[in-house]
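Structure first, commentary second.
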Amino acid sequence: KDMKVLVATEKPFAKKAVEGIRGIVEEAGYELALLEKYADRAELLSAVADVDALIVRSDKVTAEVIAAAKNLKIVVRAGAGYDNVDLEAASARGIVVMNTPGQNSNAVAELALAMMIFMARNGFTPGTGSEIQGKTLGIHAYGNVGKLVGRKGKAMGMNVIAYDPFVTDDALFEADGVKRVASVGELYEAADFLSLHIPATAQTRGSIGYELLMSMPKGATLVNTARKEVIDEAGVVRAMTEREDLKYITDIAPDAQAEMAGKFGKRFFATAKKMGAETAEANINAGLAAARQIVDFFKTGDTRFQVNR
Ligand code: NAD
């Protein structure tokens, strides 16, 4: 066996995911080692000592862990966010770090659709609600999650429009029957439901606030499964105070949660804990993708998903 792959998970993968990972690793002729529910760092430090590749979930891959892993060539974070890996320490040793983008997109997209219906039906409380069919869905950023929300929105009979200045290929929108709009202004102005899928960047931070919300149609709902940082919370509070028809639902609790909950009642909802990617399927997909990426890296030098270039 020429390579040893360690799966180190404080919170283990589902059994089915581990079996799948083992299948992929052993099929490639490599050895799989498992360290699950480890109680202290020392166990991790000794387990990484002789491995060539490491798969983790939210586990902290610190400079200390990297220093202890003398043969380490690649670390894959099974999941999207990789702030648990010390990229600098890895890069200094020439270790490739990857994430597994796109593997939880469907889970997040399904939640976004569910959130629209939940708000349209008064938070599942008595009273006359409304339907999402025939309404306009605005998709802010047409990436992995955004495009799945677009397709699902179409399937629900919605009129779907989208804005993403970084997608250069118009055919991508056309293939989904989604109308591309040329500006953020045009998007919000027409959206009965606005689903946010922008990443938090210097450009997007605090960019969704008063002006955009005030431009939305009567009874509009803002749906946030992206990041809380993209919201200008004071602006949202001001718009929702001035306009009692606007609604906001989010998978990422705002800093102003107590204020929003107190002022807006059923027009506001935040999940108790971020749950967009919390499905059995997403966890399995991410684990299998991590194993495949490691095999592809060793066999063909594929570094498509590297995050520390
Ligand atoms: P992605 O990278 O596939 O897509 C992001 C898209 O945003 C890209 O198409 C990019 O062109 C576009 N974009 C970047 N800057 C933009 C701007 N200024 N204006 C308009 N578009 C812009 O990401 P994704 O996988 O679709 O994830 C989208 C968001 O969802 C991320 O912020 C991610 O952190 C979040 N997310 C949340 C959960 C959850 O549990 N709720 C889970 C996964 C991802």
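Sequential numbering from 1 along the given sequence is applied to the chain's residues. Just follow the structure's listing: the first ligand is 1, and inside any ligand the first atom is 1.
Less than 6.0 angstrom separates the ring centroid of F118 from the ring centroid of F269. Note: Y188 and H140 meet the aromatic proximity criterion, with ring centroids under 6.0 Å apart.
Atom CD1 of residue I139 and atom CD1 of residue I198 lie 13.0 Å apart, to the nearest 0.5 angstrom. Here NZ of K152 is found 12.5 Å from CG of L137. Values are rounded to the nearest 0.5 Å. Distance check, rounded to the nearest 0.5 Å: CG of N106 to CZ of R151 gives 10.5 Å.
Members clustered with M214: Y210, by chain and number, using a 4.5 Å side-chain heavy-atom cutoff among hydrophobic residues.
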So what's ligand 1 close to, N/O to N/O, under 3.5 Å?
| residue | atom | partner | partner atom | Å |
| --- | --- | --- | --- | --- |
| ligand 1 | 3 (O) | N144 | N | 2.9 |
| ligand 1 | 3 (O) | N144 | ND2 | 2.9 |
| ligand 1 | 9 (O) | G143 | N | 3.4 |
| ligand 1 | 9 (O) | D164 | OD2 | 2.7 |
| ligand 1 | 11 (O) | D164 | OD1 | 2.8 |
| ligand 1 | 11 (O) | D164 | OD2 | 3.2 |
| ligand 1 | 26 (O) | N144 | N | 3.3 |
| ligand 1 | 26 (O) | V145 | N | 2.8 |
| ligand 1 | 32 (O) | I198 | O | 3.2 |
| ligand 1 | 34 (O) | R227 | NH1 | 3.2 |
| ligand 1 | 34 (O) | R227 | NH2 | 3.1 |
| ligand 1 | 40 (O) | K274 | NZ | 3.4 |
| ligand 1 | 40 (O) | A277 | N | 3.4 |
| ligand 1 | 41 (N) | T225 | O | 3.1 |
| ligand 1 | 41 (N) | D251 | OD2 | 2.9 |

